[in-house]
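What follows is one structure encoded as structure tokens, with my remarks underneath.
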Amino acid sequence: MTVGDHPVTTSGHCDPRFSRVREVFDRHFSDGAELGAAFAVFLDGEPVVDLWGGVADRHTGRPWEAGTPVLAYSCTKAVAATAMLLLVERGLVDVRSPVSAYWPEFACAGKARVTVEHVLTHQAGLPAIADRLAAQAPLWEPGTAHGYHAVTYGFLIDELIRRVTGMSTGELVAAEIAGPHQLDLWLGAPPHVAARAARLSAGERTARAGGAGVAEPPAAEGPVAAMAAATRDKDSLMNRALGNPPIHKLPGGGNHPVILRAGWPALGMVTTARALAGFYRALIAGEILAPSTLGDAMRPRVGGPDRVLYLDSAFGLGYMRPAMTFLTPARGAESAFGHTGLGGSLGLGDVEHGLAMAYTMNRMVGSVAGSRRAYRLAEAVYSSLT
């Protein structure tokens, strides 16, 4: 297998019970679907899959190694939500309380009744930055609908965490999650980590209206057609939500050192597949949150048409649940939770099956509904359980 002029090999460990997973992983490379990628799975706390391969930088041919980190975009949101839930568990935050109880300036412009739960479930009505978030009015009555807060989710969570603890979300994650569990996971990558991070590369053609970088779906009816139309409209809510700030205008886009260092809690996590899967392993084992806290957070709070993405989405307290925007195998994965990342990355936990898995890559797909590559790998994992 080759990528351009560079030979491609895959490495790592795969338990014989999960041989189909390795077949799928290798086929993605032989079919030309990957540049570089990694996939890791824990079953009942034990590592059963840890695969990597390809190139971390298509220009230089630098290989993707066991510890190669990469920007995982919105997979960050589940980690940020977990940091917030730590504060909930300790009695420092009540999800039913208004945001203004912790951030008084937020109460203006019709937001006095916006709760912490509304923020965690994308119901706050603030998916696009129009002005400083504390000053702007919601685009819909909070709590009456949900729409993906692609970037603003992180700013809202971060300010709440700062008001309560005096720490940034990245600092809290480092102190309470990544550090204690020895995870190569950063919300704000230090220079030596950013320097060895894989470089993201465009895959399929994407529409650049408004800077969203969302692949233009084929002509269709219903929600997919609506999403396609929104993609072409630079002033659509989707493009305003996904494209502000306009990361694509920086040289290298998400590869720019400013983005890797910023640690935005909505989309700024730099991590390895092994570490992201390890986060979900610790989470479902009750090592980060109490099982009762996680069980309540997994409970779906909202579902159905998404005001921003048009497709059906479903959320617990910060975690995606199975829907068109979090595609999981039809059989066996009903209890899955986690989060996808723009470009195709995936983090997934499943308490019922004792599963934790993560997929990272650098060949981007333009879909906001996840990656077929991630789906096929997850499907192979679930099919290996039977």
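Between A241 and V151, the closest heavy-atom pair is O-CG2, 3.6 Å. For A81 against Y153, the heavy-atom pair with the smallest separation is CB-OH, 3.3 Å. Taking both residues in full, the closest heavy atoms of A175 and M167 are given as CB-CE, 4.1 Å, listed atom of the first, atom of the second, then distance.
Of the candidates L377, V41, L276, M357 forms a side-chain contact (heavy atoms from CB on, under 4.5 Å) with just one, namely V41. Each of V351, L355, D350 was scored for a side-chain contact (heavy atoms from CB on, under 4.5 Å) with I284, with one residue passing: V351. For the pairing with V21, the side-chain contact (heavy atoms from CB on, under 4.5 Å) check across V48, V49, D15 returns one residue only, V49. Partner E117 forms a side-chain hydrogen bond (donor to acceptor under 3.5 Å, both in side chains) with one of R301, Q123, R96 and no other, that one being R301.
A donor-acceptor contact shorter than 3.5 Å is absent between the side chain of T10 and the backbone of G53. When atom types are taken as modelled, the side chain of H353 and the backbone of G332 share a donor-acceptor pair closer than 3.5 angstrom. With hydrogens and angles disregarded, no donor-acceptor distance shorter than 3.5 Å links the side chain of R281 to the backbone of P47. A donor-acceptor pair is defined here as one N or O able to donate and one able to accept, closer than 3.5 Å; such a pair exists between the side chain of N362 and the backbone of A56. A side-chain donor-acceptor contact under 3.5 Å links R321 to the backbone of M298. The main-chain N or O of G318 is never found under 3.5 Å from a side-chain atom of K77 such that the two would form a donor-acceptor pair. Side-chain atoms of D50 do not come within 3.5 Å of backbone N or O of H13 as any donor-acceptor pair. Panel note: side chain T360, backbone F39; no donor-acceptor pair is recorded below 3.5 Å. Looking at R261, its side chain never comes within 3.5 Å of a backbone N or O of P190 through a donor-acceptor pair. A donor-acceptor pair under 3.5 Å is formed between the side chain of Q136 and the backbone N or O of A130.
Judged purely by distance below 3.5 Å, without hydrogens or angles, the side chains of H146 and S313 pair a donor atom with an acceptor atom. Under 3.5 Å, the side chains of Y148 and S74 contain a donor-acceptor pair of N or O atoms.
S383 OG to R376 CZ: the interatomic distance, rounded to the nearest 0.5 Å, is 13.5 Å. Interatomic distance, CG of L267 versus CD1 of I259, reported as 7.5 Å (0.5 Å rounding). Remark: D312 CG to D306 CG distance equals 8.5 Å, nearest 0.5 Å. Once rounded to the nearest 0.5 Å, the distance linking NE2 of H256 with NZ of K249 reads 14.5 Å. Separating the CZ atom in F279 from the CD1 atom in I177 is a distance of 5.5 Å, to the nearest 0.5 Å. Distance check: E379 CD to L327 CG gives 11.0 Å after rounding to the nearest 0.5 Å.
Taking the six-membered ring where tryptophan is involved, the planes of F106 and W103 are tilted, since the angle between them lies from 30° to 60°. Classification of the H122-H149 ring pair by plane angle, with boundaries at 30° and 60°, yields perpendicular.
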Given the rule in the salt bridge (charged side-chain N to carboxylate O under 4.0 Å, His left out) test, do E159 and R132 qualify, once you have shown the distances and angles that lead to the verdict?
CA-CA 12 Å; E159 188 62 22; R132 291 182 180 271; over 6 Å; no
Begin with the C-alpha distance, continue with both residues' side-chain angles, and end with the deciding distance and a verdict on side-chain hydrogen bond (donor to acceptor under 3.5 Å, both in side chains) for T169 and D158.
CA-CA 5 Å; T169 306; D158 191 57; 2.7 Å; yes
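Annotation: side chain of V70 is in contact with side chain of W64 (closest heavy-atom distance under 4.5 Å).
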